[in-house]
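The block underneath contains the structure these notes are about, expressed in structure tokens.
Whatever order the structure lists them in is the order used to number ligands and atoms, beginning at 1. Every heavy atom of this structure was used, including side-chain atoms; hydrogens, water molecules and symmetry mates were not.
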Amino acid sequence: MRRLVLIGGGHAHVHVLKAIGDALDPTVSVTLVTPVERQVYSGMLPGFVAGHYALEDCGIDLIRLAERARALVVRSSASLVNPAMREVICANGEVVPYDVLSIDVGSRAFTGRVKGVEEHAVVIRPLERFVEGWEKVLARARQGGMNSVSVVGGGAAGLELAFAVENRLRRESGGEAPHVRVLTDARTVVPEYPAAARGRLLRLASRRNIGTHGGSPVTEVGPGYLRLRDAIEFATDATLWVTGAAAPALFRDSGLQTDDRGFLAVNDFMQSLSHPEVFGAGDCATNLANPRPKAGVFAVRAGPALAANLVAAMKGGPLERFVPSPRYLALISCGGRYAVGLYGGLSFEGRWAWRWKDRIDRGFVARYSAKALAASR
Ligand SMILES: Cc1cc2nc3c(=O)[nH]c(=O)nc-3n(C[C@H](O)[C@H](O)[C@H](O)COP(=O)(O)OP(=O)(O)OC[C@H]3O[C@@H](n4cnc5c(N)ncnc54)[C@H](O)[C@@H]3O)c2cc1C
């Protein structure tokens, strides 16, 4: 029996799980290694924080997808891959052998050497832990006495969460929201965006009294304060840590080739450069010849080609090249069912942009619902 092992239930693997059951014959065993039964869809997380969605609206049931793929589930995190023995070693001690391995474990938040982050901040990943942390912040805010919230990280996700937090806490408090600020070590928030799109976001932030502070990294998070490298200190009643993508620890000791930041190095077919029987997609992998930003949209786009390549690798057959266009649509919700969007150099905003995002996001989650799985049999 040939063995296919999937690590992580990320955006590409949910498609693989949906597609692969029908494509592989029963002599192939499929195993999914996942620490969670439900994948929280990050695109809808700001909407959950803002109170537009219940958590159930944003979740993809990995167990149902695994059933669809006739996959065994190992409820644990993969700690190490031993490519010489072709084994995955899990945190619960299980060892899972493979012939073909696919990894879609996302990234982790970059915390560097900043003191106190794990103890005093709500860190964005794992998303399930962030959800728990946010619910505690919300409960504290409801008791009153919360004057300020800091979001560390000035990328699109940090900014989007800052809007969501401000909107939710203002509505919860009947008008008097705590002051929300965004801190970034970059010169400005979303420095990679065209000036027009950034201008729109900054104007909306200023209208909501959301402060933005650039140019100095946070060096310490404590109970009730944040310290920056240039010695400025802010009082803060809650700190959300939403810094950019860092490589997952999994690759560090695995002997798989990585890029210079520690992400799995892959080719145009999503194969590891050092071990072709290992595939990687989404944030955790970098195509060295054709790198793309670490964004969910690329993990989603990878799904169909990854599924086809895993089937080809199991059965024998030609692999499909996956080199997505670097252009992509970004829609950033700005609190109250209003969004700013950009595509290439073009930017726009409005309630209609939020409704567009809402339709795309709900549509993605719905693709993996019980109803959609039953209909696609
Ligand atoms: C608030 C927020 C909003 C965002 N909005 C957007 C957006 O609108 N558009 C966009 O393009 N991008 C967005 N992003 C970025 C997007 O979240 C990531 O690029 C995307 O999640 C990457 O998908 P992935 O499949 O690589 O991994 P993930 O979606 O992170 O999934 C990885 C899975 O692997 C599991 N896992 C992790 N480690 C292990 C392990 N060791 N063993 C087994 N399983 C493991 C995790 O539990 C998780 O289920 C947003 C990010 C945030 C934080």
Practice prompt. Run the numbers for me: atoms of ligand 1, each under 4.0 Å from some heavy atom of Val297, listed by number.
Written response: 10 (C), 11 (O)
Practice prompt. Provide the number and element of each atom of ligand 1 under 4.0 Å from a heavy atom of Lys357.
Written response: 8 (O)
Practice prompt. Decide whether Thr243 and Trp241 meet the rule of one side-chain donor and one side-chain acceptor closer than 3.5 Å.
Written response: yes
Item to complete: Could you tell me the residue and atom name of the protein heavy atom closest to atom 35 (C) of ligand 1, and the distance to it rounded to 0.1 Å?
Response: Gly8 CA, 4.0 Å
Item to complete: For ligand 1, find out whether one of its N or O atoms is nearer than 3.5 Å to an N or O atom of Asp104.
Response: yes
Discussion item. Under 4.0 Å, counting heavy atoms only: does Glu128 come that close to any atom of ligand 1?
Written reply: no
Item to complete: Specify the protein heavy atom at minimum distance from atom 5 (N) of ligand 1: its residue, its atom name, and the distance to 0.1 Å.
Response: Gly43 CA, 3.9 Å
Fill in: Ile7 near ligand 1 by a heavy-atom separation under 4.0 Å
yes
Worksheet item: Going by the atom numbers of ligand 1, which of them fall below 4.0 Å from some non-hydrogen atom of Val33?
Response: 43 (C), 44 (N)
Side chains of residues 312-322: which donor-acceptor pairs under 3.5 Å do they make with residues two or more places apart or in other chains?
{"unit_1": "Lys315", "atom_1": "NZ", "unit_2": "Ala23", "atom_2": "O", "d": "2.9"}
{"unit_1": "Arg321", "atom_1": "NH1", "unit_2": "Asp268", "atom_2": "OD2", "d": "2.9"}

Worksheet item: Which option out of Met44, His11, His15 puts a heavy atom nearest to atom 21 (O) of ligand 1?
Response: His11
Worksheet item: Between Glu220 and Tyr225, is any side-chain donor less than 3.5 angstrom from a side-chain acceptor?
Response: yes
Worksheet entry | Geometric N/O contact Cys284 with ligand 1, under 3.5 angstrom | no
Discussion item. Considering both backbone and side-chain atoms of Asp283, is one of its nitrogen or oxygen atoms within less than 3.5 Å of a nitrogen or oxygen in ligand 1?
Written reply: yes
Worksheet item: Just going by heavy-atom distances, which of His13, Gln39, Lys294 is nearest to atom 48 (C) of ligand 1?
Response: Gln39
Discussion item. Can you tell me if Gly9 contacts ligand 1 (heavy atom of the residue under 4.0 Å from the ligand)?
Written reply: yes
Practice prompt. Using a strict 4.0 Å cut-off to heavy atoms of Ala78, name the atoms of ligand 1 that fall inside it.
Written response: 40 (C), 41 (N), 42 (N), 43 (C)
Worksheet item: For ligand 1, is Arg125 a contact, meaning one of its heavy atoms is under 4.0 Å away?
Response: yes
Worksheet item: Under 4.0 Å from atom 40 (C) of ligand 1, do we find at least one protein heavy atom?
Response: yes
Practice prompt. Keeping the roles fixed (side chain from Asn167, backbone from Ala164), state whether a donor-acceptor pair exists under 3.5 Å.
Written response: no
Please set out all donor-acceptor pairs under 3.5 angstrom arising from side-chain atoms of residues 119-136, sequence neighbours excluded.
{"unit_1": "Arg129", "atom_1": "NH2", "unit_2": "Glu118", "atom_2": "OE1", "d": "3.1"}

Worksheet entry | For atom 2 (C) of ligand 1, closest protein heavy-atom neighbour | Ala157 CB, 3.6 Å
Discussion item. Treating Ser254 as the side-chain partner and Leu250 as the backbone partner, does any N or O pair qualify as donor plus acceptor under 3.5 Å?
Written reply: yes
Worksheet item: If you measure from atom 34 (O) of ligand 1 to every heavy atom of Val242, Val36, Val105, which option wins on shortest distance?
Response: Val105
Fill in: Heteroatom proximity flag, Gly296 to ligand 1, N/O under 3.5 Å
yes
Worksheet item: What's the verdict on side-chain contact (heavy atoms from CB on, under 4.5 Å) for Tyr53 and Asp358, showing C-alpha distance, side-chain angles and the deciding distance?
Response: CA-CA 10 Å; Tyr53 307 122; Asp358 178 58; 2.6 Å; yes
Fill in: Test side chain to side chain contact (heavy atoms under 4.5 Å, CB included) applied to Leu273 and Leu288, Leu256, Asp259, the passing residue
Leu288
Worksheet item: Which atoms from ligand 1 have a heavy atom of Gly282 less than 4.0 Å away?
Response: 26 (O)
Worksheet entry | Salt-bridge present (Glu349, Arg203; N to O < 4.0 Å) | yes
Fill in: Over 12 foreign heavy atoms within 6.0 Å of CZ, Arg252
no
Discussion item. Once you measure the plane-to-plane angle for Tyr368 and Phe364, does it fall in the parallel (<30°), tilted (30-60°) or perpendicular (>60°) bin?
Written reply: perpendicular
Worksheet item: Which is closest to atom 14 (N) of ligand 1 in terms of heavy atoms, Pro35, Ala281, Ser42?
Response: Ser42
Worksheet item: Just how far is it from atom OG of Ser102 to atom CD1 of Ile7, taken to the nearest 0.5 Å?
Response: 8.5 Å
Worksheet entry | Distance filter under 4.0 Å to Ile124 heavy atoms, resulting ligand 1 atoms | 53 (C)
Worksheet item: Do Arg68 and Ser376 have a side chain donor and acceptor closer than 3.5 Å?
Response: yes
Worksheet item: Does atom 9 (N) of ligand 1 have a protein heavy-atom neighbour under 4.0 Å away?
Response: no
Practice prompt. Check the surroundings of atom CZ in Arg229: do more than 12 heavy atoms from other residues, nucleotides or ligands lie under 6.0 Å from it?
Written response: no
Worksheet item: Among all protein non-hydrogen atoms, which one is nearest to atom 27 (O) of ligand 1, and what is the separation to 0.1 Å?
Response: Gly106 CA, 3.2 Å
Worksheet entry | ligand 1 contact on Ala295 by region, counting heavy-atom pairs under 4.0 Å | both
Fill in: Check against ring pair (Phe, Tyr, Trp, His ring centres under 6.0 Å), His11 and Phe298
CA-CA 9 Å; His11 293 62; Phe298 294 109; over 10 Å; no
